[in-house]
J.: 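The structure is given below, and queries will be raised subsequently.
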Amino acid sequence: MPVNLLQEIFYRLLANYGPRNWWPGETTFEICAGAILTQNTNWNNVEKAIANLKKADALSLDKIASLKKDELAELIRPTGYYNLKASRLQEFIFFLKQEHQGSFERLFSHPWQQTRVELLNIKGIGPETADSILLYAGNKPSFVVDSYTRRIYSRLGIVTEGISYDELRKYFMDHLPHELYLFNEYHALIVELGKQVCRKSPKCSHCCLSALCPVYIS
DNA sequence: GGCCAGGACACCA
DNA sequence: TGGTGTCATGGC
């Protein structure tokens with residue numbers, strides 16, 4: 001079976017870190033909430049917020065929808081941007097109730113490309129959050145890219161640093177088989193690599209990464 | 001005490 | 001269309 005560069009990197013990451021078994025979350029809604037809460041935020045802080053929601057018995061569509069915005073904001077305070085994210089969570093739930101009777105099954109019952117457009121029309125749901133919801137909550141083969149992906153693959157010389165989200169995502173979608181397991185693990189592995197390697201050398205260039213990165217291919 | 005984290009959006013030229 | 005400011009807590 002021919003293997004291209006992106007697949008080769010995937011296999012090396014998988015061998016190095018093992019399956020990540022994403023997304024951390026017990027329910028579809030918890031995954032969606034996590035996708036919103038983790039925007040530009042460390043996952044440890046998201047875990048604190050989710051724990052707060054669970055402790056308050058508030059991790060449900062109806063409960064969050066019924067909370068006052070400042071009450072919700074207080075529960076998710078550890079994630080930062082708590083006022084914004086409180087609005088975004090409630091916007092998402094409003095959309096789900098309004099357009100799909102509050103049913104994730106209905107939300108994901110259409111062609112996922114159509115669902116992606118719907119999600120992107122929700123205020124506060126950008127491309128990465130939409131793709132995370134599709135992939136990890138909806139089990140749809142929509143590849144997720146993030147700042148780690150751009151940083152790592154531009155330093156490897158595979159893409160340019162200024163590449164847009166859509167261009168970067170298209171590059172992966174064009175060069176990988178559209179397999180759910182592959183997309184699921186690949187993004188999770190990139191995040192793991194991003195956390196463990198690049199953060200130690202945030203200014204590192206291509207050569208620096210090549211020395212540090214265990215998956216570098218010359 | 002500064003930097004960074006699994007972004008998105010409003011605003012402006 | 002692209003660049004910049006804003007939103008904000010917590011770990012290292």
Side-chain angles (χ1 to χ4, degrees), chain A residues 9-10 13-14 17 19-25 30-53 69-95 116-138 140 142-155 159-170 172 182-204 208-209 212:
Chain A
I9 293 174
F10 169 74
L13 286 170
L14 188 62
Y17 295 118
R20 311 313 302 157
N21 301 312
W22 270 24
W23 180 289
E30 186 176 333
I31 294 170
C32 294
I36 292 169
L37 293 175
T38 197
Q39 291 171 352
N40 204 32
T41 299
N42 190 296
W43 182 257
N44 289 331
N45 292 355
V46 177
E47 287 183 328
K48 296 181 198 304
I50 298 234
N52 287 346
L53 289 169
K69 195 161 293 175
D70 58 340
E71 293 174 329
L72 177 57
E74 193 55 38
L75 290 171
I76 64 172
R77 188 182 185 89
T79 67
Y81 311 122
Y82 44 84
N83 291 314
L84 270 175
K85 289 175 181 176
S87 298
R88 291 175 181 179
L89 278 175
Q90 291 186 323
E91 282 280 341
F92 174 73
I93 291 172
F94 178 76
F95 154 80
R116 186 170 193 269
V117 173
E118 280 189 285
L119 291 171
L120 289 174
N121 281 328
I122 303 169
K123 186 177 167 69
I125 306 289
E128 185 184 336
T129 308
D131 290 324
S132 295
I133 289 173
L134 284 168
L135 180 60
Y136 294 105
K140 305 298 180 186
S142 187
F143 198 85
V144 181
V145 299
D146 63 353
S147 53
Y148 286 142
T149 315
R150 181 178 291 104
R151 186 181 307 164
I152 291 167
Y153 285 80
S154 64
R155 286 179 187 173
V159 299
T160 59
E161 191 175 358
I163 191 170
S164 71
Y165 183 96
D166 288 336
E167 288 171 331
L168 183 56
R169 175 172 174 272
K170 184 176 186 303
F172 277 83
L182 174 66
F183 282 13
N184 182 315
E185 284 294 342
Y186 208 153
H187 173 63
L189 286 163
I190 287 171
V191 171
E192 194 61 31
L193 175 63
K195 284 194 293 192
Q196 298 198 9
V197 174
C198 291
R199 194 181 172 201
K200 294 176 183 172
S201 51
K203 303 294 184 188
C204 90
C208 184
L209 182 62
L212 289 172

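Bear in mind that the values here come from a model prediction, so they are computed numbers and not experimental data. No hydrogens, no waters, no symmetry mates; every other heavy atom, side chains included, goes into these values.
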J.: Are any side-chain N or O atoms of E167(A) and backbone N or O atoms of S164(A), one a donor and one an acceptor, separated by less than 3.5 Å?
T.: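 Checked: pair present.
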
J.: Please confirm whether the ring centroid of F172(A) lies under 6.0 Å from the ring centroid of F183(A).
T.: no

J.: Which comes earlier along DNA chain C counting from the 5' end, the contact point of N44(A) or that of N40(A), where each point is its nearest nucleotide?
T.: N40(A)

J.: Check whether any side-chain N or O of R77(A) sits under 4.0 Å from OP1 or OP2 of dC7(C), and answer yes or no.
T.: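 Answer no for this pair, as no side-chain N or O of R77(A) is under 4.0 Å from OP1 or OP2.
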
J.: Y148(A) OH to dC4(B) C1': how many Å, rounded?
T.: 8 Å

J.: If I compare all heavy atoms of V46(A) with all of T79(A), which pair ends up nearest, and what's the gap?
T.: CA-CG2, 3.9 Å

J.: State whether N83(A) places a side-chain N or O below 4.0 Å from either non-bridging phosphate oxygen (OP1 or OP2) of dA8(C).
T.: yes

J.: Show, in sequence, the C-alpha distance, side-chain angles and deciding distance for Y165(A) and D131(A), and conclude whether the side-chain hydrogen bond (donor to acceptor under 3.5 Å, both in side chains) test is met.
T.: CA-CA 11 Å; Y165(A) 183 96; D131(A) 290 324; 2.6 Å; yes

J.: What pairs with Y82(A) under ring-ring contact (aromatic ring centres under 6.0 Å, His included), at least two apart in sequence or on another chain?
T.: none

J.: Would you mind reading off the distance between E47(A) atom CD and dA5(B) atom C1', rounded to a whole angstrom?
T.: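 It works out to 14 Å between those atoms.
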
J.: For the P atoms, the ones on dG10(C) and on dA8(B), what distance do you get once it is rounded to whole angstrom?
T.: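 Pairwise P distance, dG10(C) against dA8(B), rounds to 22 Å.
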
J.: Would the distance check show the side chain of Q39(A) and the main-chain N or O of G124(A) forming a donor-acceptor pair, the cut-off being under 3.5 Å?
T.: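 Pair found, side chain donor or acceptor close to backbone of G124(A).
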
J.: Can you tell me the distance, in whole Å, between the CG atom of D146(A) and the P atom of dG7(B)?
T.: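 After rounding, the gap between these two atoms is 6 Å.
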
J.: Starting from C1' on dT9(C), measure out to NZ on K48(A) and report it in whole angstrom.
T.: 10 Å

J.: Separation of E167(A) atom CD from dT1(C) atom P, in whole Å?
T.: 12 Å

J.: Tell me whether the OP1 or OP2 atom of dT9(C) has a side-chain N or O from Y82(A) closer than 4.0 Å.
T.: yes

J.: To the nearest angstrom, how far is L37(A) atom CG from dT9(C) atom P?
T.: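 Spelled out: CG on L37(A) to P on dT9(C) is 15 Å.
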
J.: What is the nucleic acid contact for S147(A), judged by heavy atoms within less than 4.0 Å: base, sugar-phosphate only, or nothing?
T.: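 S147(A): backbone/sugar contact only, no base atoms under 4.0 Å.
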
J.: Could you list, one pair per line, each protein nitrogen or oxygen that sits under 3.5 Å from a nitrogen or oxygen of nucleotides 8-13 of chain B, together with the distance?
T.:
residue, atom, partner, partner atom, Å
dA8(B), OP1, G126(A), N, 3.1
dA8(B), OP1, G126(A), O, 3.1
dA8(B), OP1, E128(A), N, 3.4
dA8(B), OP1, T129(A), N, 2.8
dA8(B), OP1, T129(A), OG1, 2.6
dA8(B), OP2, E128(A), N, 3.4
dC9(B), OP1, G124(A), N, 2.6
dA10(B), OP1, K123(A), NZ, 2.9

J.: Round to the nearest Å and state the distance from L193(A) atom CG to dA5(B) atom P.
T.: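 Result: 13 Å.
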
J.: Just call it for K85(A): base, sugar-phosphate, or nothing, with non-hydrogen atoms closer than 4.0 Å on any strand.
T.: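 No contact.
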
J.: With no hydrogens and no angle check, just 3.5 Å: does a side-chain donor-acceptor pair link R169(A) and S142(A)?
T.: yes

